[in-house]
Amino acid sequence: MLDIRFIREHPDVVKEGIRKKGEVDMIDKVLELDASLRALIQKGEALKNRRNTVSEEIGKQKRDGKDAAAPIKEMEAVKNEIKSIDEELRRVEVTLNKLLLAVPNIPHPSVPVGTKPTDNKEISKWGEKPVIDFKARTHWELIDKLGIVDFDRGARITGAGFPVYKDRGAKLQRALINFFLDEAVARGYRELQPPLMVNATSATGTGQLPDKEDLMYTIPKDDLYLIPTAEVPVTNYHRDELLAEQDLPLKYCAYTPCFRREAGSYGKDVRGLNRLHQFDKVELVKFVHPGVSYNELESLRADAELLLQKLGLPYRVLLMCTGDMGFTQAKKYDLEVWAIGQERWLEVSSISNFEAFQARRINVRMRPRGSGKPEFVHTLNGSALALPRVVAALLENYQTPEGKVVIPKALHKYTGFEVIG
RNA sequence: GGAGAGGUGGGUGAGUGGCUGAAACCAACGGUUUGCUAAACCGUCGUACGGGGUAAACCUGUACCGAGAGUUCAAAUCUCUCCCUCUCCGCCA
């Protein structure tokens with residue numbers, strides 16, 4: 001959510017930002033509602049002022065034993081007027097709020113303007129694509145051969161996109177989760193284990209609701225949502241809190257399964273582990289001072305990149321263009337890892353600065369040192385990392401001519417084995 | 001799921017219809033003292049949205065004591081509904 005005052009004072013900047021993201025511009029309507037809301041507030045407040053003054057008078061007169069019938073009569077009329085203005089005000093407020101929740105975050109000036117994947121800017125690359133003298137298998141071919149993930153039985157148990165990991169496949173998952181968490185904790189992130197279901201308020205706070213409801217699995221009977229990412233519960237961890245400036249930045253990491261409906265996906269995108277309805281991820285979340293959020297974004301990116309480096313997986317960093325960014329983000333990087341079997345880049349991390357967009361929705365502020373007024377913090381998050389595609393890249397890039405897979409050294413102490421197959 | 005107790009400012013916690021935006025304490029912040037630290041003492045100290053002020057200061061209005069509705073001229077305070085927390089019982093991994 002954007003600051004209504006900012007919208008009021010810089011409508012053109014906001015409209016430009018919305019246009020760049022390719023979203024619907026409802027700013028004129030917002031301004032119109034805002035103006036009538038403020039008119040109603042002023043009218044109502046004048047009447048309430050009258051009510052308060054006269055009521056005080058009545059109290060005084062009664063204490064003095066005087067008759068107060070006349071002012072009481074007057075106040076009955078005022079009371080009704082206040083009530084009808086409040087009702088109208090409420091209606092306008094609800095409409096305005098609904099609209100404001102649907103206004104996207106505006107992109108940072110450094111974000112390239114564009115709508116297509118080719119408008120994303122590659123800003124760096126790490127590692128060399130492996131060179132091999134045999135035909136590389138895809139990870140689903142390797143999985144089939146090694147028997148470490150069972151898609152068919154998963155589909156029988158639940159449905160497509162819910163694989164069962166087994167034997168060394170299961171152990172590899174567990175190893176990666178532990179590796180990612182240990183690395184995060186070593187870099188100053190506090191480990192949280194949050195709920196896997198959230199209520200509607202939390203989902204609205206991070207921006208999944210109202211517009212992305214179809215992304216999530218819902219539990220209608222209890223009015224809950226399965227989390228699509230740990231971002232949702234972890235960012236809401238400090239909802240409605242006033243933080244102390246000296247406690248910032250607050251850095252958290254959390255491992256959770258993630259649940260996504262992914263309606264409408266098809267083709268090679270969904271082969272094997274490329275896109276699942278349930279997958280594991282370690283997420284990093286930061287609450288930071290608004291003045292330093294772009295530095296924090298870079299260090300968050302570095303934290304995620306380090307994992308890929310330790311795993312020896314070649315990757316590239318993309319600065320996402322305005323059209324490829326989500327509704328809530330001001331700036332976003334994607335990390336994409338090279339998978340030799342599929343000969344394509346796989347997104348394994350998405351690292352974003354939301355500025356105050358989420359903080360305003362979830363009402364997380366910090367009190368500046370000294371006597372300043374509370375300010376909204378900035379929130380950021382990044383995957384570090386999403387497991388299935390890391391597994392996919394690991395299998396494909398570290399395969400041997402015989403179809404075995406060598407485990408990178410950084411994982412040995414977590415897996416307890418050095419090769420699969 | 002059943003019974004009971006409770007939800008007040010950054011925190012603890014007073015407050016049962018008008019003089020309460022809210023005592024007191026703690027924390028925080030500013031200062032005095034001190035060789036430094038600590039302690040002690042003095043002072044400041046809720047948030048949001050308006051209006052005034054060139055503006056910081058400051059003055060002023062309204063709202064907010066879990067959420068919503070109601071009673072009343074007037075609600076933190078009375079009534080109802082809902083949410084949450086705690087205790088006991090039941091069920092259960």
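Remember, it's a predicted structure, so these values are computed and weren't measured experimentally.
Heavy atoms of A/Lys43 sit nowhere under 4.0 angstrom from any nucleic acid atom. Residue-level contact check: A/Arg360 touches neither bases nor backbone, having no heavy atom under 4.0 Å from any strand. In this structure, A/Arg5 reaches the sugar-phosphate backbone alone: every heavy-atom distance under 4.0 Å involves primed, P, OP1 or OP2 atoms, never a base.
With rounding to whole Å, A/Glu241 atom CD is found 17 Å from B/G46 atom C1'. Taking atom CD on A/Glu93 and atom P on B/A48, their separation rounds to 16 Å, with Å as the unit. Taking atom CG of A/Asn199 as the reference point, atom P of B/G66 lies 20 Å away to the nearest angstrom. Between A/Phe376 atom CZ and B/U47 atom P the separation is 13 Å, expressed in whole Å. Rounded to an integer number of Å, the gap from A/Asn80 CG to B/G70 P is 12 Å. Between the NZ atom of A/Lys83 and the P atom of B/A75 there is a distance of 14 Å, rounded to whole Å. In this structure, A/Ile82 places its CD1 atom 11 Å from C1' of B/C73, rounding to the nearest Å. As a whole-Å value, the separation of A/Asp223 CG from B/C82 C1' is 13 Å.
A/Tyr398 pairs by the side-chain hydrogen bond (donor to acceptor under 3.5 Å, both in side chains) definition with nothing, not counting sequence neighbours. Partners of A/Arg50 under the side-chain hydrogen bond (donor to acceptor under 3.5 Å, both in side chains) rule, at least two apart in sequence or in another chain, are A/Glu74. Listed by chain and number, the residues in a side-chain hydrogen bond (donor to acceptor under 3.5 Å, both in side chains) with A/Glu93 amount to none (sequence neighbours excluded). Taking A/Lys332 as the reference, nothing meets the salt bridge (Lys or Arg N to Asp or Glu O under 4.0 Å) condition, with sequence neighbours excluded. Here A/Met197 pairs with A/Ile219, A/Leu224, A/Leu226 under the side-chain contact (heavy atoms from CB on, under 4.5 Å) rule; sequence neighbours left out. Every residue was checked against the salt bridge (Lys or Arg N to Asp or Glu O under 4.0 Å) condition with A/Asp334, not counting sequence neighbours, and none meets it. A/Lys73 is linked by a side-chain hydrogen bond (donor to acceptor under 3.5 Å, both in side chains) to nothing, counting only residues two or more places apart in sequence or in another chain.
A 6.0 Å sphere centred on NZ of A/Lys212 holds more than 12 heavy atoms belonging to other residues, nucleotides or ligands.
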Under 3.5 Å, sequence neighbours excluded: what are the donor-acceptor pairs made by side chains of residues 284-291 of chain A?
from, atom 1, to, atom 2, distance (Å)
A/Lys286, NZ, A/Glu296, O, 3.1
A/Lys286, NZ, A/Glu296, OE1, 2.7
A/Lys286, NZ, A/Ser299, OG, 2.8
A/His289, ND1, A/Gly291, N, 2.9

Exercise answer: donor-acceptor pairs, residues 77-86 of chain A side-chain atoms, under 3.5 Å, sequence neighbours excluded:
from, atom 1, to, atom 2, distance (Å)
A/Asn80, ND2, A/Glu76, O, 3.4
A/Ser84, OG, A/Glu81, O, 3.2
A/Asp86, OD1, A/Lys48, NZ, 3.4

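When the side-chain nitrogen and oxygen atoms of A/Arg367 are compared with OP1 and OP2 of B/A27, none of them lie within a distance under 4.0 Å. A sub-4.0 Å separation between OP1 or OP2 of B/A74 and a side-chain N or O of A/Asn52 is absent. A close approach under 4.0 Å does occur between a side-chain nitrogen or oxygen of A/Asn49 and OP1 or OP2 of B/U62.
Counting heavy atoms from C-beta outward, A/Phe6 and A/Ile106 have side chains that approach closer than 4.5 Å. The shortest side-chain heavy-atom distance between A/Ile177 and A/Leu181 falls under the 4.5 Å cut-off. Contact of the A/Met325 side chain with the A/Pro107 side chain is registered, since non-hydrogen atoms from C-beta on lie closer than 4.5 Å.
The side chain of A/Gln246 approaches B/A28 more closely than any other nucleotide in the set B/G50, B/A48, B/A28. Among the nucleotides B/G50, B/U47, B/A63, the one closest to any side-chain atom of A/Lys48 is B/A63.
Comparing B/A5 with B/A57, their P atoms sit 48 Å apart, to the nearest whole Å. The P atoms of B/G10 and B/U37 are separated by 31 Å, rounded to the nearest whole Å. To the nearest whole angstrom, the two C1' atoms, one in B/U20 and one in B/G90, are 44 Å apart. Nucleotides B/G9 and B/G66 are separated by 7 Å at their P atoms, to the nearest Å. Going from the P atom of B/U16 to that of B/G2 covers 32 Å, rounded to whole Å. Annotation: B/C64 and B/A76 have their C1' atoms spaced 11 Å apart (nearest Å). Remark: the separation of the C1' atoms in B/A63 and B/G68 is 16 Å, to the nearest Å. B/G21 and B/G15 are spaced 13 Å apart, taking the C1' atom of each and rounding to whole Å.
Near RNA chain B, meaning a heavy atom under 4.0 Å from it, residues 71-78 of chain A has A/Ile72, A/Met75, A/Glu76 in order of number.
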Pair assignment for RNA chain B - dot-bracket with | for other-strand partners, Watson-Crick or G-U under 3.5 Å: (((((((..(((.....[.....))).(((((.......))))).(((((((.....))))))).(((((..]....))))))))))))....

side-chain contact (heavy atoms from CB on, under 4.5 Å) between A/Tyr189 and A/Leu300, intermediate numbers included: CA-CA 11 Å; A/Tyr189 293 83; A/Leu300 184 53; 3.5 Å; yes

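The base of B/G61 sits with one of its N or O atoms less than 3.5 Å from a complementary donor or acceptor on the side chain of A/Glu45.
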Could you write out each protein N or O paired with an N or O of nucleotides 16-21 of chain B at a distance under 3.5 Å?
from, atom 1, to, atom 2, distance (Å)
B/G18, N2, A/Ser55, O, 2.8

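If A/Glu87 and A/Arg365 are placed on RNA chain B by their nearest nucleotide, the residue sitting closer to the 5' end is A/Arg365.
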